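I have placed the structure first, in the form of structure tokens, so that the comments after it can refer back to it.
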Amino acid sequence: MTKALDISRTLRGDSLSTFIATISATGGLLFGYDTGIISSALLQIRTQFHLSTLGAEVVTSTIIFGALVGCLGAGPISDRFGRRKTIMLAAALFIVGTIGAAAASSVQVLSSSRLVLGLAIGAASQIVPIYIAEISPAHRRGRLVVAFQLAVVMGVTFSFLTGYALQHASWRWMFGIGMLPAVILFVGMAFLPNSPRWLAMQGRHDEALEVLLRVRSSAEVAHDELHDIVSHQDKQAPWSELKKPWVRPALVASVGIALLCQLTGINAIMYYAPTIFAGAGFGESTALLTSVAVGLAMVGATFFGGWAVDRWGRRTLILRMLPGAALSLVILGLMFALHMTHGWGAWVMVLSLMAYTVFNTGSLSVAIWLVGAEVYPLSCRSKGMSLVAGSHWGADLLISLTTLTLVRELGADMTFWLYAAVNAFAVWFVLRYVPETKGYSLEELEARLRNGTFAPVDRARHPSRLRKHLPKTSTDHMHHGRPTEL
């Protein structure tokens with residue numbers, strides 16, 4: 001503990017913001033591991049507890065239901081007690097849920113423990129991206145928030161590797177390994193600073209400035225940023241603020257991406273790839289190795305996405321990558337339709353699956369938490385992010401409860417073609433409703449909401465408003481450039 005305290009006190013500027021993002025992103029590692037490990041553990045659990053298809057879907061989905069509740073409850077808690085304490089609460093829930101799952105003696109206890117893990121995952125998915133976004137400088141905000149998603153896919157990959165390595169051991173070890181990062185998150189967060197924007201919203205301006213002086217490159221930058229934050233005079237707003245017309249474009253863009261991130265099928269692949277491929281004739285060990293390949297593809301795609309969001313931009317990244325996801329699913333469905341699951345056909349299936357994973361994870365999955373944390377005004381950012389996370393987990397619950405049923409009723413080919421169609425729809429949605437946020441401060445994005453030039457469709461209708469009512473550009477990001485596509 002003392003060492004962590006010494007590091008957080010010694011580092012300054014970009015080094016400190018990177019350290020903060022790294023510790024906070026451990027919540028993403030737990031998020032990914034605890035959601036991903038079920039795909040491997042389920043092969044043993046179904047046999048031990050004699051689960052039907054419905055029973056397997058229920059055990060898988062309890063964590064998603066808990067996440068849905070957790071993310072909606074985390075918003076008001078983080079507004080009242082702060083981002084940092086809310087993350088520590090999530091870490092404590094991770095510890096309790098992990099112990100319960102590893103020691104479960106019945107389906108009921110296992111499901112209840114995964115419900116607690118879900119509460120932790122939901123809270124982490126809601127608050128960690130906000131905390132990182134509010135403490136990061138504008139020109140580094142993209143890659144630092146994406147560190148959370150990178151941790152998520154690394155957690156997923158580690159869960160797949162663990163599942164493969166422990167395929168002949170007890171599934172209890174698969175769950176129990178999640179204890180270590182949970183402890184690291186709880187201890188590490190105890191020594192990190194509060195969000196300067198949350199402190200300013202509480203009227204604690206001196207404390208907010210103290211934090212900004214530590215995480216910005218100079219005192220001038222810190223004072224300018226605090227001035228921009230305070231000049232908006234944001235106070236905590238009720239849920240009804242999200243229904244106001246000026247906030248609605250942010251709601252449409254962020255919730256739309258959250259829903260499409262799931263409805264395009266990425267978690268269906270993550271949860272059920274071993275089961276689907278085993279059913280298609282692959283051996284159980286080979287099916288588990290396929291999941292490891294999927295996880296490694298996720299990590300590679302997220303590393304690339306973390307670079308591209310600050311180089312290309314959030315919107316541009318999605319539009320360049322997502323068509324490839326749709327095409328990959330069309331090819332994967334064709335292999336199932338032609339029953340080409342052996343020989344070279346099996347390799348085409350695996351390569352198509354990995355290509356889909358790269359294109360989808362490297363775009364929508366990279367953007368979901370970043371865009372959600374950026375687009376809302378400070379007054380309702382936490383509650384807005386609760387809706388983003390809630391939409392994500394609600395759609396995830398739907399996917400986890402229906403994927404095996406869809407494969408059984410429609411066949412794997414039609415199921416993958418259905419997901420391909422949703423990926424194609426997502427391209428149209430992003431073109432119309434999702435703005436580029438690269439290079440803008442959070443306060444400038446709020447100004448665009450207020451003057452009606454936030455969504456691409458609105459900017460096309462009102463070109464005369466584009467340069468009006470924007471606050472003074474902060475020296476924190478004035479030399480880092482902005483995209484011109486809007």
Side-chain angles (χ1 to χ4, degrees), residues 12-14 16-17 20-21 78-79 82-83 129-145 193-237 241 244 246-247 249-250 254 310 313-314 370-385 435-454 459 465-483 486:
R12 295 281 171 177
D14 286 353
L16 179 56
S17 60
I20 290 171
S78 67
D79 278 344
R83 317 320 192 195
I130 289 179
Y131 177 66
I132 297 175
E134 290 186 346
I135 214 160
S136 302
H139 69 280
R140 303 183 72 236
R141 190 174 63 237
R143 73 194 74 170
L144 292 181
V145 176
N194 276 308
S195 158
R197 286 173 168 83
W198 178 79
L199 290 169
M201 190 165 56
Q202 303 299 311
R204 296 156 63 178
H205 297 159
D206 290 343
E207 294 177 63
L209 178 60
E210 182 182 347
V211 174
L212 287 171
L213 287 170
R214 293 178 59 197
V215 297
R216 294 296 179 262
S217 57
S218 69
E220 181 184 1
V221 168
H223 281 89
D224 285 348
E225 186 166 339
L226 181 62
H227 177 269
D228 285 345
I229 295 170
V230 174
S231 66
H232 281 76
Q233 298 180 336
D234 280 327
K235 297 181 180 179
Q236 291 176 8
E241 186 78 7
K244 292 186 176 180
W246 75 278
V247 181
S254 59
D310 282 331
R314 292 66 153 146
L370 174 57
V371 172
E374 290 179 322
V375 296
Y376 289 99
L378 179 58
S379 61
C380 55
R381 183 171 296 141
S382 184
K383 294 180 177 67
M385 192 61 176
E436 185 55 73
T437 57
K438 171 194 170 186
Y440 291 90
S441 74
L442 299 178
E443 288 67 43
E444 285 176 316
L445 293 173
E446 180 174 340
R448 284 170 51 182
L449 280 171
R450 293 185 182 277
N451 70 17
T453 61
F454 181 82
R459 291 169 71 82
R465 300 183 187 176
L466 297 186
R467 298 300 175 187
K468 294 181 179 179
H469 311 303
L470 287 180
K472 178 176 68 69
T473 303
S474 167
T475 56
D476 189 41
H477 60 273
M478 64 185 296
H479 300 299
H480 295 276
R482 292 174 178 150
L486 293 174

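Since the structure is predicted, the reported quantities are computational estimates derived from the model, not experimental observations.
Proximity of M201 to D79: side-chain heavy atoms (C-beta onward) are separated by under 4.5 Å at one or more points. When side chains are defined from C-beta on, D14 does not count as touching S217, because their heavy atoms never get closer than 4.5 Å. For the pair L199 and V211, the minimum side-chain heavy-atom distance is below 4.5 Å. Side-chain contact between F454 and V375: present, with at least one pair of heavy atoms (C-beta onward) separated by less than 4.5 Å. With a 4.5 Å cut-off on side-chain heavy atoms, W198 and R204 count as touching. With a 4.5 Å cut-off on side-chain heavy atoms, E134 and L378 count as touching.
For D310, the side chain to side chain donor-acceptor pair (under 3.5 Å) partners two or more places apart in sequence, or in a different chain, are R143, R314. Checked against side chain to side chain contact (heavy atoms under 4.5 Å, CB included), A133 has the following partners two or more places apart in sequence or in another chain: R141, V145, A373. Applying the side chain to side chain contact (heavy atoms under 4.5 Å, CB included) test to A21 and every residue at least two apart in sequence or in another chain returns I132, L144. Residues that satisfy the side chain to side chain donor-acceptor pair (under 3.5 Å) test with E241, not counting sequence neighbours, are K244. Residues forming a side chain to side chain contact (heavy atoms under 4.5 Å, CB included) with S78 (at least two apart in sequence, or on another chain): R83, T86, Q126, I127, S382. For Y131, there are no side chain to side chain donor-acceptor pair (under 3.5 Å) partners at least two apart in sequence or on another chain. Listed by chain and residue number, S17, T18 satisfy the side chain to side chain donor-acceptor pair (under 3.5 Å) test with R140 (two or more places apart in sequence, or in another chain).
Rounding to the nearest 0.5 Å places CD of E220 at 12.0 Å from CG of L213. The CG atom of L449 sits 6.0 Å away from atom CH2 of W246, with the distance rounded to the nearest 0.5 Å. To the nearest 0.5 Å, atoms OG1 (T453) and CZ (R448) are separated by 6.0 Å. To the nearest 0.5 angstrom, R197 atom CZ is 12.0 Å from I130 atom CD1. K383 contributes atom NZ, which lies 13.0 Å from atom OH of Y376 (distance to the nearest 0.5 angstrom). One distance of note links CG of L212 with CG of L226; it measures 6.0 Å at 0.5 Å rounding.
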_Apply side-chain contact (heavy atoms from CB on, under 4.5 Å) to residues D224 and D228 and explain how you reach the verdict._
CA-CA 6 Å; D224 285 348; D228 285 345; 5.5 Å; no
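The pair E446-R381 fails the salt-bridge criterion, with no side-chain N (NZ, NE, NH1 or NH2) lying under 4.0 Å from an Asp/Glu carboxylate O.
Contact record, V247 with C380: CG1-SG, 4.3 Å, taken as the closest heavy-atom pair. E443 and I229 get closest at one heavy-atom pair: OE2-CG1, 3.7 Å.
A donor-acceptor pair is defined here as one N or O able to donate and one able to accept, closer than 3.5 Å; such a pair exists between the side chain of E436 and the backbone of K438. H223 contributes a side-chain N or O that, together with a main-chain N or O of A219, makes up a donor-acceptor pair within less than 3.5 Å.
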